[in-house]
Amino acid sequence: MTENLVMSEIEPAIRENWIPQFESNPNPEKDKLYVNVAFPYPSGAMHVGHGRTYIIPDVVARFWRMRGKQVLFPMAFHVTGAPVLGIAKRIANKDEKTLKLYGGLYRVPAETLEKFTDPITIVNYFADEYQRVMQQLGLSIDWRRRFTTIIPQYSKFIEWQYTHIHGQGKVQRGEYPVRYCPHCDQPVGDHDLLEGDSAEVMHFVFVMYQFGEYKIPCATLRPETIFGVTNLWANPETNYLKAEVDGEKWIISEEAAEKLRMQKHEVTELGRIMGTELIDQKAINPYTGAEVPILPASFVDSDMGSGLVMSVPAHAPFDYIALRDLQQQGKYTDITPISLVTVPNYGKIPAQDIVEKNKIPNQDDPRMDELTQELYTAEFSKGKLNENCGEHAGKSVRQAREDVTREFVEQRGSIMFHEMSQKRVICRCGNRVYVRILDDQWFINYGDAEWKKAVHEELPNLELVPAEVRAEFERTTDWLREWPCSRRVGLGTHVPWDPKWLFEPLSDSTIYMAYYTISHKIEKIDAEKLTPAVFDYVFLGKGDAANLPIDEATAKDLRAEFLYWYPYDYRFSAKDLISNHLTFQLFHHKAIFPAELQPKGMVVFGMGLLNGMKMSSSKGNVFLLEDAANEFGADTVRMFLVGSAEPWQDFDWRNELVLSVKKQIERMWQLVLDAESAEGETPIDAWLVSRMQQRIAAATKCLTAFQTRQALQEAYNGVVSDLAWYRKRLAGAQQGAVVKDVMSQWIRLMAPVIPYTAEELWKKTGRDANGLVSFADWPVADEAKINKAVEVSEELLQRTVEDIQSILKLVQIEAKKVTLCIAPEWKKEVFKIVSGAEDKRNVVKTVMANEALRAKGKEATDAAQQTVKLVHSLAPELVSAIAEGVDEVSVFTAAKEFVEKETGLTVEIVEAETSGHAKAKSALPFKPAIVVE
RNA sequence: GCGAGGGUAGCCAAGCCAGGCCAACGGCGCCAGACUUAAGAUCUGGUCUAUAAGUAGUUCAUGGGUUCGAAUCCCACCCCUCGCACCA
């Protein structure tokens, strides 16, 4: 009975049948299981990396559905945010790269692409595509609950959420330095950058030197070095500005003035002063009161900080070299570096050490930045301040920096000045990005101590898979501070109390899992009626259903449905979301929902690679999920993604590996159909059935723990290898009728992973009388059918045949006959003693304590030593089974023909003691002596 | 730099928490044989080294240490991945 498996022929009908059946409603008869996934932002096509994120939850959903749970697996689309606006704009501008990506890689038809100048069209198009591909992959999603985050009903939900969060004082207005594009007039995220996404915002302190009636601010990352300043540096080429900044007179570069304006400072230009005019003038150190000269230096960059810097030649390589260069010309020879930090492995003047060790010729040497970094790092992590640092003497650099910064800002008129760590930070519009302070921005205060504490207290109740990520959740909870939650541009919900702002995408997606429970019903209600009171009733049980703008029965129904499903059981997401989204969720649930409705578990995934490289749409290194499904079939894609690595490990998609998975599915198909003709009984049936019970138990255990790869290894590779042995043992004879039962169990074990194939086999083998395999009962291991004795016999047989074969391979004689010499009773006694011994080192003594054995003399000590070795090499379970006694003669006699067929030799079975062969003496229990001749 | 995780034979990947069941599960690839007109598929065996007897030797990023015994425990060091915030 052979019939090819052609996925494209079987998939459509099965899929059509499934879709309505996965619509899940509350069922009081059953326990529920609610799983959900971080919803996608549909701005492009799905690639295989996305696939696993949705397939693994589906495998879990299908598994538990078969185990009798009422399972909810919903899906929606996150449309909030700005990226699609940019995409639409670039398409409108006929940007080549974008058109190529969408028209080419994503294969959007030309007539559709024309309409992509409208952002909503883009997300709707891809949302439909996502749904289509997800359905093609057989995801058991309840599609009635699909929504997008910009429908009015959802907006009402978000307004309700923030009414509470804001009401609790957790949303505050504040100022915050952001990367900002003056041209686009908006903050830019990593996604918006053309260049420079590795740049960070650095926080400098302006140390204010007094210069006559003016102040000279010097930007520094190391304010504690104030004690070692010998001079200031100015660039003679720079035309500095005299300016009034926040009511004080400052000297700064033109660029600095512009940056200060962006950072909320009032700057008025008063005049100009050339760098040359500053040189050799004196300024007063605000901390020590010392007068220091202003010296010329070419390395001073007007586009960095204020355009003037303070010089600490003992600890800053740049300063050291600049001073050295001048002194070599005979100038300023009265200046000596002031050492203020002691750091291991460096002398008194660390900057001198490092510069001279590396033989740096001048201040323009390209290695300077690297050396500076090296020394700064060493001093920061290991340095201590010297005696000459006043009250800060003896402190670690780390501590002193913090203290000095605070002191400067609070008492000495310093300000913080923010600067990008690189200059080439370019917005997608092509213009340079600066740091700007936004002061009417809204923040969610995740730094709130009470709130943090509540989340910390909740964390132990949360089941986390894998367990290793708990530390990261703990740490993120600690680390979160104010999160800017509003944006000026993008799609989304307006902040109800300040409608010129919109909620930012990570802030409007923290408790939407609750919304899923009612989304299919609420979408039919006029959004105007969805007042906070309605949500208070539905989600919190507050108020009276009779007094709401919506119908009382509807309100009660929504409440009931929410309570049936909530809290959710598992949320699945890639690990990169731990540090924001996944932890945000915990905060918001804690703030809104009562203790019994907090999230129960999360499963965190690893990342995906394509042919060993990171997947990236922009670099074209992606394989579209739809293409994969078309080329290999949905089941193959599923089985590969589930089986190639455990969910939390990174996986690598390689087409050649995927192909072999396809073959495996076909192999199962063949094995199941082959078994249809089985009938009668065989001596090996009990063994196969026994093994199957253990495969079922193991696969079930693994799936319960989300170990999909391990589960597949049991459910697929394990069963295949058992069947292989079974068929081998039958030596071509008809399979027993029990195989049909085994196949029925096997199909069900595999159904969560390869549902299409399983469904088709279920039907072909006529087991679909009671419905789809997707809803069939998950097999349960029957303890009574586990037959250890039979398994041990087969194991003995298997090992012995292997041994004979390896001997045959080694000896180069034309063998005709093999004699199996079975170990005598007394050696079984030895085995029993050895296996029962606590300490295997002294076991020979224990054996010899037995009088009967001692009488055997050296023979007994040899046997004892060999037995120790043997016992060490066997699984403990097997050892105890052997100790209980195995009738080896019967085992081999019964399987004589099999052994003869496998080895091609005549087989004789004898008691070792009756054999004259020298080798017979080496017989041990479970290891008969083998004589080949 | 800081935080989290990881480095196992040609590749992927178990084992490590609870040291002896480990030459190290499983899969892929590769080699040989069977079947076949042939190819493919399938089946069988092999795949660190040596071996005319089922064995022995050397391996689990690197260097030390603990132990009768270490892939597994401890210390040091190198490398990789993820996160480090206005953003999906």
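Being a predicted model, the structure only gives us computed values, none of them experimental. Proteins come first, then strands; the chains are lettered A, B, ... in the order of their sequence lines, and each starts at number 1.
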Separation of the P atoms in B/C25 and B/G46, to the nearest angstrom
13 Å
So, for A/Arg695 and A/Glu714, which heavy atoms are closest and what is the spacing to 0.1 Å?
NH1-OE1, 3.0 Å
Using atom P of each nucleotide, how far apart are B/A61 and B/C17 to the nearest Å?
15 Å
Between atom CG in A/Asp576 and atom P in B/C84, what is the gap in whole Å?
8 Å
Identify whether any heavy atom of A/Val931 sits under 4.0 Å from a base atom; if not, whether one sits that close to sugar-phosphate; answer base, sugar-phosphate or nothing.
base
Say you pick atom C1' in B/A70 and the same atom in B/G3; how far apart are they, in whole Å?
30 Å
Report the base-pairing partner of B/C17 (Watson-Crick or G-U wobble, both distances below 3.5 angstrom), or none.
none
Starting the side chain at C-beta, find the nucleotide from B/C28, B/A85, B/G54 nearest to A/Trp483.
B/A85
Spacing of the P atoms in B/G6 and B/U58 (rounded, Å)
30 Å
Quote, to the nearest angstrom, the P distance that separates B/C43 from B/U49.
26 Å
Which nucleotide, in any strand shown, forms a Watson-Crick or G-U wobble pair with B/C28, with both distances under 3.5 Å?
B/G10
Using whole Å, what does the distance between atom P of nucleotide B/G27 and atom CD1 of A/Ile665 come to?
16 Å
Taking atom P in both B/A32 and B/C82, compute the distance separating them and give it to the nearest angstrom.
40 Å
Less than 3.5 Å apart, any donor N or O on the side chain of A/Ser486 or A/Glu504 sitting next to an acceptor on the other?
no
Classify A/Ser509 by what it touches in the nucleic acid, base, sugar-phosphate, or nothing, heavy-atom distance under 4.0 Å.
nothing
Within the pair A/Arg667 and B/A41, is there a side-chain N or O less than 4.0 Å away from OP1 or OP2?
no
Tell me whether the centres of the aromatic rings in A/Phe640 and A/Trp653 are closer together than 6.0 Å.
yes
Can you tell me, in whole Å, how much space there is between the P of B/G65 and that of B/C12?
31 Å
NZ/NE/NH1/NH2 to OD/OE distance under 4.0 Å, A/Asp674 and A/Arg727
yes
Quantified in whole Å, what is the C1' atom distance between nucleotide B/C11 and nucleotide B/U47?
14 Å
On RNA chain B, more 5' by nearest nucleotide between A/Val469 and A/Ala724 is A/Val469
What does B/C48 pair with, Watson-Crick or G-U, if both distances are under 3.5 Å?
B/G57
What is the distance, to the nearest angstrom, from the CG atom on A/Leu609 to the P atom on B/U81?
10 Å
Using a heavy-atom cut-off of 4.0 Å across all strands, would you classify A/Leu506 as base, sugar-phosphate, or nothing?
base
How would you label the contact of A/Ala929 with the nucleic acid (heavy atoms, under 4.0 Å): base, sugar-phosphate, or nothing?
base
Is it true that A/Glu933 and A/Lys816 have a side-chain N and a carboxylate O under 4.0 angstrom from each other?
no
Once you apply a heavy-atom cut-off of 4.0 Å, does A/Pro42 come out as touching a base, just sugar-phosphate, or nothing?
nothing
Determine whether the aromatic ring centres of A/Phe584 and A/Trp483 lie less than 6.0 Å apart.
yes
Looking at B/A41, which nucleotide sits across from it as a Watson-Crick or G-U wobble partner, both distances under 3.5 angstrom, or is there none?
none
For A/Leu577 and B/A85, what is the distance between atoms CG and P respectively, to the nearest whole Å?
15 Å
Please determine whether any donor N or O and acceptor N or O are separated by less than 3.5 Å between the side chain of A/Asp803 and the base of B/G54.
yes
Using a 4.0 Å heavy-atom cut-off across all strands, classify A/Gln713 as base, sugar-phosphate, or nothing.
base
State yes or no: are the ring centers of A/Trp501 and A/Tyr162 separated by less than 6.0 Å?
no
Is the distance from OP1 or OP2 of B/G45 to the nearest side-chain N or O of A/Lys728 less than 4.0 Å?
yes
Expressed as a whole number of angstroms, how long is the span from A/Glu482:CD to B/A85:P?
14 Å
Base, sugar-phosphate alone, or nothing: which one does A/Lys919 contact when heavy atoms must sit under 4.0 Å apart?
base
Starting at atom CD of A/Gln805, determine the distance to atom P of B/U51, rounded to an integer number of angstrom.
21 Å
Once you round to the nearest 0.5 Å, how far does CD1 of A/Ile804 lie from CD1 of A/Ile930?
5.0 Å
Heavy-atom nearest nucleotide on RNA chain B for A/Glu472 versus A/Glu933: which residue maps closer to 5'?
A/Glu472
Tell me the partner of B/G63, counting only Watson-Crick (N1-N3 plus N6-O4 or O6-N4) or G-U wobble (N1-O2 and O6-N3) with both under 3.5 Å; none if nothing fits.
B/C75
Charged N-O contact under 4.0 Å between A/Lys452 and A/Asp478:
no
Whole angstroms only, please: what is the CZ-C1' distance between A/Arg487 and B/A85?
13 Å
Should B/U36 form a Watson-Crick or G-U wobble pair with both distances under 3.5 Å, which nucleotide is its partner?
none
Rounded to whole angstroms, how far apart are NZ on A/Lys921 and C1' on B/G54?
19 Å
At 4.0 Å (heavy atoms only), tell me whether A/Arg709 reaches a base, stays on the sugar-phosphate, or touches nothing.
base
Taking 4.0 Å as the cut-off, does a side-chain nitrogen or oxygen of A/Lys927 come that near to OP1 or OP2 on B/U55?
yes
Using a heavy-atom cut-off of 4.0 Å across all strands, would you classify A/Trp648 as base, sugar-phosphate, or nothing?
nothing
Of all the choices, B/A53, B/A14, B/C28, which nucleotide is nearest to the side chain of A/Val932 once you look at every atom?
B/A53
Reckon A/Asp652 touches a base, only the sugar-phosphate, or nothing at all at heavy-atom distances under 4.0 Å?
nothing
Answer for the Watson-Crick or wobble partner of B/A4, both distances under 3.5 Å, is B/U81
